[in-house]
Amino acid sequence: MVSSSSGAQVLVASNRGPVSYALGADGTLTSRRGGGGLVSGLSAIGSDAGAVWVCAALGDGDREAARRAAAGDGLLDSADTGGQQVRMLDIPPEVFADAYNGIANSVLWFVHHLLYQTPLEPAFDADFRAQWAAYEAYNAAFADALAEAAAPGAAVLVQDYHLTLVPGLLRERRPDLRIGHFSHTPWAPPDYFRLLPDDVAAEVLRGILGGDRAAFLTRRWAEAFAECCAVVLGAEVARDGDAGLRVTYEGRTTRLGVHGLGADADFLRDRSRQPDVDDRLADLREQIGTDEDGAPRRTIVRVDRTELSKNIVRGLHAYRRLLTDRPEWRGRVVHIAFAYPSRQDLAVYREYTEEVSRVAGEINDEFGTDGWLPVVLHVKDDFARSLAAYRLADVALVNPIRDGMNLVAKEVPVVSEAGCALVLSREAGACAELADDALVVNPYDIEATAGALHEALTMPQDERADRSKRLAMAATALPPARWFLDQLAALSA
Ligand code: F6P
């Protein structure tokens, strides 16, 4: 194990790490590298910088890998991790399930995305209290591991709503460390945040305020966090113009920061030209086909995890409205909807996935003809196929109810071959950077979304290409490596 005297200078903590493992029947472990901003961000500082990534073991394969690593120095084999030093925590499965499924994805995710919709939810009862205790234990396991692995004065970057208590717990264990927390989600406004039981709401805020910095993807989410601190804790909030916010609570000040993660242009351009993407593009072209004049059908593309905040069902209803109100589009457009199954251990996410398939099927039954399938839906994790769809996109539909950022809105304009029009929810963090050249919609307004789809499809090609170029420029302004290094620098400032 890395000792605290000689330990890591930089540590990242997140629920999901950069690698996952599958356990074969014969006991062999096969690793799979993940993607995303954090992975490319951390690789920017290089493997010899002494950085350690602490994450949770998420399945049987991960657990086995963590156990085998524990027999040595606690770190996973760097051949599997792309050279990064990764320590996976073997948290008891029932503790993990309550913390991740119970609290993180059924409560905190719902609060920050304003997803509670029924008169029966939320209901904070004894089950909730048991899950909350698991969430505390899971956060404490991270704090212990970080405290043990960090060199004196090291910088620790804690990620997301799974780990809100870690900054405070780590500060108790290691007051010498520089600790930052980054929220990849939106932050709920105080009235909604206060759905949480009072003590839990306070514990979450106090946890994050245990750090020196708390950072967000947009100013809007940072402001909401500051307001929650003022309303729930009575903390003092100071605004230094555009430069930043500071929250002072019980004599300690935490600086708030904003870092809007951008798309990784070099990676996307290179990856989207690989042969496996070309193959999928050829398949997709065939599936989409041509209209009665022999022209390739137009495409409206969306790619999401099957997760309620993404608002896939209302997007499908808007497309149905378009075909109903504007019959001229029948046979001339295809809606490509790719959905990666997400959090399927939870019934509410499974039911949502089923609803997506049901509504897509209804549209195909209502409008489809022998030669035209109006909705091409794939519920599968296939990044190469998504990139093929990006290349084909005439229109990208990104209509979340609420989203920390939404990288799809930033990726499609970078990859689209002919330039795409972007129909974008005003509630996505990305809207703060892309509003000038997107068609901005209220995600609940199905009529307005259908109207924006029509406008996007009828936009003159020159205008579409120009807007798409500007969108791509704005989308890549803060690539993952800089996003990560900026946070690190701000923590040291
Ligand atoms: O948006 C918040 C976030 O943690 C992202 O960073 C990540 O892409 C997503 O949620 C992952 O969710 P999960 O790990 O539950 O699949």
Side-chain angles (χ1 to χ4, degrees), residues 109-117 183-193 216-228 242 258-263 300-305 307-322 335 337 393-414 416 420-459 463-464 467-468 470-478:
W109 186 268
F110 274 58
V111 167
H112 288 313
H113 293 85
L114 318 187
L115 285 175
Y116 285 121
Q117 290 168 0
S183 292
H184 294 258
T185 60
W187 196 273
D191 283 353
Y192 209 87
F193 188 71
F216 299 84
L217 287 162
T218 70
R219 176 85 184 198
R220 182 180 174 192
W221 314 138
E223 288 279 359
F225 175 79
E227 282 169 31
C228 286
D242 276 352
V258 176
H259 303 274
L261 175 63
I300 299 172
V301 169
R302 74 172 306 142
V303 175
D304 312 87
R305 289 181 292 107
E307 186 269 288
L308 291 79
S309 73
K310 302 298 181 195
N311 209 21
I312 306 171
V313 172
R314 280 194 194 81
L316 288 167
H317 285 310
Y319 179 63
R320 188 194 328 235
R321 200 73 241 158
L322 175 83
H335 185 15
D394 295 309
V395 176
L397 174 58
V398 179
N399 66 325
I401 289 171
R402 217 168 140 84
D403 208 327
M405 175 54 68
N406 197 297
L407 277 182
V408 174
K410 293 186 161 185
E411 290 170 353
V412 190
V414 174
S416 158
C420 71
L422 173 64
V423 175
L424 178 62
S425 165
R426 68 183 184 199
E427 306 302 328
C431 197
E433 296 159 54
L434 305 181
D436 286 352
D437 285 295
L439 302 173
V440 176
V441 294
N442 169 349
Y444 297 95
D445 191 338
I446 289 168
E447 295 289 311
T449 306
L453 289 176
H454 177 68
E455 196 185 333
L457 286 166
T458 50
M459 188 181 284
E463 182 184 345
R464 197 151 51 95
R467 283 193 191 224
S468 190
R470 288 193 297 266
L471 286 167
M473 265 171 60
T476 51
L478 196 58

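All values below were derived from every heavy atom in this structure, side-chain atoms included, with hydrogens, water molecules and symmetry-related copies excluded. Positions are given from 1, in the same order as the sequence printed here.
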| Hey, mind stepping through His335 and Leu316 against side chain to side chain contact (heavy atoms under 4.5 Å, CB included) and telling me if it holds? | CA-CA 9 Å; His335 185 15; Leu316 288 167; 3.8 Å; yes
| If you measure from CG on Asp403 to CD on Glu307, what distance do you get to the nearest 0.5 Å? | 8.0 Å
| Are any non-hydrogen side-chain atoms of Val412 and Leu422 less than 4.5 angstrom apart? | no
| note | By ring pair (Phe, Tyr, Trp, His ring centres under 6.0 Å), Tyr116 pairs with (sequence neighbours left out) Phe110
| task | Grab the two heavy atoms, one from Ala224 and one from Ala188, that are nearest each other, plus how far apart they are. | result | CB-O, 3.8 Å
| Working for side chain to side chain contact (heavy atoms under 4.5 Å, CB included), residues Leu424 and Asn406 | CA-CA 10 Å; Leu424 178 62; Asn406 197 297; 5.7 Å; no
| query | Aromatic rings Phe193 and His112: how do their planes relate, parallel, tilted or perpendicular, breaks at 30° and 60°? | reply | parallel
| said: Can you list everything that forms a side chain to side chain contact (heavy atoms under 4.5 Å, CB included) with Arg220? Sequence neighbours excluded, please. | reply: Thr218, Arg402, Glu427
| field | N/O donor-acceptor pair under 3.5 Å between Asp437 side chain and Leu471 backbone | value | no
| request: Indicate yes or no: at least one non-hydrogen side-chain atom of Leu115 is less than 4.5 angstrom from one of Ser309. | output: yes
| task | Identify the heavy atoms of Cys420 and Ser468 that sit nearest to each other, and give their distance. | result | N-OG, 3.0 Å
| field | Non-hydrogen side-chain atoms of Leu322 and Ile300 separated by less than 4.5 Å | value | yes
| If every non-hydrogen atom of Ala393 is compared with every non-hydrogen atom of Val301, which pair is closest and at what distance? | CB-CG2, 3.7 Å
| note | Heavy-atom nearest pair, Ala474 first then Leu434, reads CB-CD2, 3.8 Å
| If only atom types and distance count, is the side chain of Thr458 paired as donor or acceptor with the main-chain N or O of His454 below 3.5 Å? | yes
| field | Criterion side chain to side chain contact (heavy atoms under 4.5 Å, CB included) on Trp187 and Cys228, from CA distance to verdict | value | CA-CA 9 Å; Trp187 196 273; Cys228 286; 3.5 Å; yes
| task | Could you pull out all residues at least two apart from Asp304 that satisfy side chain to side chain contact (heavy atoms under 4.5 Å, CB included)? | result | Arg302, Lys310, Ile312
| field | Arg467/Met459 under side chain to side chain contact (heavy atoms under 4.5 Å, CB included): CA gap, chis, key distance, verdict | value | CA-CA 10 Å; Arg467 283 193 191 224; Met459 188 181 284; 3.7 Å; yes
| said: In the structure I gave you, are the side-chain heavy atoms of Lys410 and Thr476 within less than 4.5 Å of one another anywhere? | reply: no
| request: To the nearest 0.5 angstrom, please state how far the OG atom of Ser183 sits from the CZ atom of Phe225. | output: 7.0 Å
| query | Under 3.5 Å, side chain of Asn399 to main-chain N/O of Arg314, donor-acceptor pair present? | reply | no
| query | Knowing that exactly one of Val423, Val441, Asn311 qualifies, which makes a side chain to side chain contact (heavy atoms under 4.5 Å, CB included) with Leu397? | reply | Val423
| Heavy-atom side-chain contact between Arg464 and Asp394 under 4.5 Å | yes
| task | Could you check Thr185, Val258, Leu261 and say which one makes a side chain to side chain contact (heavy atoms under 4.5 Å, CB included) with Leu217? | result | Leu261
| If you look at every heavy atom in Gly404 and Pro186, which pair is closest and at what distance? | N-CD, 3.4 Å
